[in-house]
Number of protein chains: 4
Amino acid sequence: MAKKRRTKTARKPPQQSRSRATVDAILDATIRILDKENWSKTTTSRIAQVAGVSVGTLYQYFENREAILDALQEREFERATTMLQEVLVSGGPGSDREAARSVVERLLGLYVESPGLHRVLVVEGLRVTPADRVQAFDLRAISAIRAFLAVADVPTRRTNLDAAAFVIFQSVRASMLSWLLERPAGIDGSVLVEELTDLVLRYLVADER
Amino acid sequence: MAKKRRTKTARKPPQQSRSRATVDAILDATIRILDKENWSKTTTSRIAQVAGVSVGTLYQYFENREAILDALQEREFERATTMLQEVLVSGGPGSDREAARSVVERLLGLYVESPGLHRVLVVEGLRVTPADRVQAFDLRAISAIRAFLAVADVPTRRTNLDAAAFVIFQSVRASMLSWLLERPAGIDGSVLVEELTDLVLRYLVADER
Amino acid sequence: MAKKRRTKTARKPPQQSRSRATVDAILDATIRILDKENWSKTTTSRIAQVAGVSVGTLYQYFENREAILDALQEREFERATTMLQEVLVSGGPGSDREAARSVVERLLGLYVESPGLHRVLVVEGLRVTPADRVQAFDLRAISAIRAFLAVADVPTRRTNLDAAAFVIFQSVRASMLSWLLERPAGIDGSVLVEELTDLVLRYLVADER
Amino acid sequence: MAKKRRTKTARKPPQQSRSRATVDAILDATIRILDKENWSKTTTSRIAQVAGVSVGTLYQYFENREAILDALQEREFERATTMLQEVLVSGGPGSDREAARSVVERLLGLYVESPGLHRVLVVEGLRVTPADRVQAFDLRAISAIRAFLAVADVPTRRTNLDAAAFVIFQSVRASMLSWLLERPAGIDGSVLVEELTDLVLRYLVADER
DNA sequence: GATGAATGAGGATTCATTCAT
DNA sequence: GATGAATGAATCCTCATTCAT
């Protein structure tokens with residue numbers, strides 16, 4: 001009945017290099033397992049085994065099994081926002097379409113790197129009870145997109161920017177993830193990027209000429 | 001020790017009315033539970049209890065726990081395709097936009113009816129290993145959309161219709177589901193329908209005038 | 001951090017005879033183990049093993065490990081109060097001293113029957129946090145003694161009956177328990193009964209002649 | 001796998017002042033924790049943390065976790081016997097009742113100082129297997145009481161002094177400890193002292209006039 | 001002397017599934 | 001056909017203790 005407490009923080013801030021290595025080993029092991037198994041089969045002892053440490057050690061660094069996933073999620077979130085920043089900054093000469101394609105392309109790159117993780121992130125996100133959703137991952141992601149749209153100053157046809165950010169996030173994420181997992185025949189990576197760029201741009205931009 | 005494989009068929013095709021009632025009670029109970037719990041907490045004994053039957057009886061009608069979900073999925077799939085048919089048939093006078101909006105609207109209706117089920121359908125769909133995907137739900141759904149597009153003879157700007165059906169399905173489904181679960185402030189049902197209709201239409205149609 | 005919820009009620013009220021037998025087997029097994037091990041080594045799997053059932057079965061009847069102890073405690077409490085009733089009722093001709101000796105004697109009998117259980121009951125009672133003590137075993141026991149004193153209408157020299165009941169309960173219980181566990185040389189059962197009877201009587205009664 | 005046997009001796013007799021300070025820090029930390037947690041939650045790492053040392057250091061001074069409790073017990077035992085000595089020596093003019101009350105009062109003082117420790121001492125004392133009881137705490141305490149009675153030359157109505165010492169020790173200790181943990185309404189410290197003094201005196205003394 | 005990272009055995013609990021009644 | 005008691009493998013997590021630095 002008692003709900004497991006998620007924690008954002010590792011038990012001990014890994015200060016020493018050995019610790020750091022152990023934490024990384026655990027996170028990497030988890031990612032590797034997630035490519036083959038779903039979260040519920042990603043057991044702590046399996047993670048520990050793959051990481052080459054004991055369960056005890058795992059629990060020295062993570063409050064509980066969930067905390068490992070949280071850490072991974074945080075890392076991915078940071079990668080994505082950093083990426084958005086970079087595109088924003090470097091986006092001098094190119095057209096809007098090129099910038100958009102770049103974002104989509106690089107985002108897909110993030111997904112391709114660890115498909116299993118992203119699958120589980122979606123699955124577990126869907127699992128969360130409404131009450132816990134307040135600071136959930138996708139809300140933060142949507143805020144980030146919202147901010148990005150504002151800063152990028154896109155001449156949009158949308159009036160409800162909250163709704164737009166929401167729809168874009170869900171659409172792009174779901175498409176990329178399913179593509180990754182299903183690898184549907186006849187749709188290769190570049191096609192997907194093109195379709196999504198077009199989807200987003202035509203939805204968003206006042207009129208593309 | 002070996003995990004039982006999913007089965008599409010109920011143990012016994014329910015022929016008699018009492019059987020039919022029992023099967024329905026089980027399916028309905030499952031739906032009701034899924035609105036509050038995730039699939040892994042939807043235990044067989046809980047289902048049996050809510051359905052007012054014994055576990056033994058449950059296993060008389062379903063090979064295993066998974067088979068219940070399969071049955072539910074099948075039912076939803078049929079509802080959705082039937083709905084598409086109806087729109088196609090009845091779609092005489094209205095504009096494309098109105099037809100599209102109607103589809104989106106009625107689809108959302110299906111989701112609203114049993115949010116928990118759809119959440120779990122997505123989650124469990126994502127869980128499935130690639131090998132099992134062949135007859136997976138979304139592949140069938142995408143085929144249906146593909147067929148619908150062909151039959152409806154939409155004057156599209158898309159060249160890769162497979163990709164288009166894929167992107168549309170994923171986008172609409174993910175948006176609807178997340179909307180249902182998060183009920184994001186500032187986006188009510190009609191807004192969502194409008195946004196999704198616009199997203200799909202502008203993505204799909206050659207030029208809307 | 002979350003405190004385990006003690007439960008007074010078995011998961012399923014054992015209605016059928018097979019169930020009843022299973023529950024009894026579990027309780028008896030627990031008692032037998034408690035004579036040799038302390039509570040923390042009285043593991044669920046050990047209990048199940050000794051009872052000749054599976055762990056699963058054990059959990060069918062008891063919410064958790066604690067609930068088994070609660071059930072046992074309840075049973076002992078009832079035995080003790082029943083015994084007090086009997087002495088009260090049957091206590092016609094005999095002197096006060098004889099009645100008192102009878103109570104002490106029969107109480108010791110209860111302890112002798114399952115020393116391990118009583119040891120653990122004391123130990124675990126001491127473990128309980130103040131907040132949980134409200135309905136704790138000894139408070140109930142003390143109330144029972146208080147009531148007994150009132151009903152028996154003992155001509156007492158005590159003015160604070162709450163204090164008297166408290167002191168008597170703690171003294172008698174601790175002495176009996178330690179005697180049982182230590183079996184101190186030179187103090188056999190009848191001696192103990194005599195000493196405790198005298199302790200209580202001289203403490204309690206106005207003047208014994 | 002084999003459980004380490006208890007040891008009465010610290011690993012190193014603390015000779016230097018720094019060592020002494022460390023040992024004290026560990027003992028004090030333990031006492032502080034015991035006021036809030038039971039012995040099984042009084043983990044070595046928690047003790048070390050509260051004491052401001054590392055676990056490694058803790059094990060430099062104590063063979064194992066049990067040894068810490070042993071040391072604490074020893075310290076309390078010495079305090080109690082010292083106290084008895086003092087009362088014996090200083091007991092010139094006062095009446096027997098006053099001397100007795102003084103003993104009870106000062107003993108209660110010891111309990112009040114570290115209730116958690118005394119609770120655990122009782123609990124763990126009860127835990128010990130009969131075989132280990134030979135040199136157990138309460139046997140020593142009872143001997144001390146026995147000796148005290150002999151030396152104090154109380155004109156007692158008791159014939160079995162072993163039994164008397166036993167009963168008195170158990171009664172007083174249990175009453176004090178439970179009083180401390182339960183703080184029962186309507187029984188404050190002075191009341192308890194009075195009741196226990198009376199209990200013991202009337203039990204012990206030939207006739208009080 | 002001190003540190004604290006690593007160990008791993010051990011224990012409570014859950015739940016899909018079976019089968020005797 | 002229905003029942004529900006029984007099963008037991010599987011999983012998360014804790015903590016005393018060690019030992020390389």
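Because only heavy atoms are used, hydrogens play no part in the values below, and waters and symmetry mates are left out as well, while side chains stay in. This one's a predicted model, so the numbers in the text were calculated from it and none came from an experiment. Just so it is clear: chains get the letters A, B, ... in the order the sequence lines come, proteins before strands, and each one is counted from 1.
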Ignoring backbone atoms, test whether [X] places a side-chain nitrogen or oxygen under 4.0 Å from the OP1 or OP2 oxygen of [N].
{"X": "B:T57", "N": "F:dT3", "result": "yes"}
{"X": "A:T44", "N": "F:dC13", "result": "no"}
{"X": "A:Y61", "N": "E:dA6", "result": "yes"}
{"X": "B:S54", "N": "F:dG4", "result": "no"}
{"X": "C:T22", "N": "F:dA6", "result": "yes"}

Atom-pair distance ([atom1] on [X]; [atom2] on [N]), nearest Å:
{"X": "D:F62", "N": "F:dT18", "atom1": "CZ", "atom2": "C1'", "value": "18 Å"}
{"X": "C:D24", "N": "F:dA5", "atom1": "CG", "atom2": "P", "value": "15 Å"}
{"X": "B:Q49", "N": "F:dA5", "atom1": "CD", "atom2": "C1'", "value": "16 Å"}
{"X": "B:R65", "N": "E:dC15", "atom1": "CZ", "atom2": "P", "value": "9 Å"}
{"X": "A:I47", "N": "E:dT7", "atom1": "CD1", "atom2": "C1'", "value": "18 Å"}
{"X": "D:I68", "N": "F:dT17", "atom1": "CD1", "atom2": "C1'", "value": "12 Å"}
{"X": "B:Q60", "N": "E:dA20", "atom1": "CD", "atom2": "C1'", "value": "14 Å"}
{"X": "C:E63", "N": "E:dC15", "atom1": "CD", "atom2": "C1'", "value": "15 Å"}

Look at the side chain of [X] and decide which nucleotide, out of [options], has an atom nearest to it.
{"X": "D:N64", "options": "E:dT7, F:dT17, E:dA16", "value": "F:dT17"}
{"X": "A:Y59", "options": "F:dT14, F:dA2, F:dA5", "value": "F:dT14"}
{"X": "C:V55", "options": "F:dA16, E:dT13, F:dA2", "value": "E:dT13"}

Rounded to the nearest 0.5 Å, the CG atom of D:L72 sits from the CD1 atom of D:I31 at a distance of 4.5 Å

What's the spacing between C:L58 CG and C:I26 CD1 if we round to 0.5 Å? 4.5 Å

Using a strict cut-off of less than 4.0 Å between a Lys/Arg side-chain nitrogen and an Asp/Glu carboxylate oxygen, indicate whether A:R32 and A:D28 qualify as a salt bridge. no

Assert: residue with more 5' nearest nucleotide on DNA chain F, out of A:S40 and C:L58, is C:L58

In terms of heavy-atom contacts, B:E124 and B:L69 come closest through CG-CD2, 3.6 Å

Donor-acceptor under 3.5 Å (D:T43 side chain, D:R46 main chain): yes

Using atom types as modelled and distance alone, determine if a side-chain donor or acceptor of A:T42 lies under 3.5 Å from a backbone N or O of A:N38. yes

Upstream residue (5' side of DNA chain E) when A:G52 and D:V53 are each assigned their closest nucleotide: D:V53

Would you please test B:S19 and B:T22 for side chain to side chain donor-acceptor pair (under 3.5 Å) and show each step? CA-CA 5 Å; B:S19 301; B:T22 304; over 6 Å; no

Overall bend - the helix from E:dA2-F:dT21 to E:dT21-F:dA2, comparing terminal axes fitted on five pairs, nearest 10 degrees: 0°

Please work out if B:T43 contacts a base, only the sugar-phosphate, or nothing of the nucleic acid, heavy-atom cut-off 4.0 Å. sugar-phosphate

For A:W39, which of A:V123, A:T30, A:I33 qualifies under side chain to side chain contact (heavy atoms under 4.5 Å, CB included)? A:T30

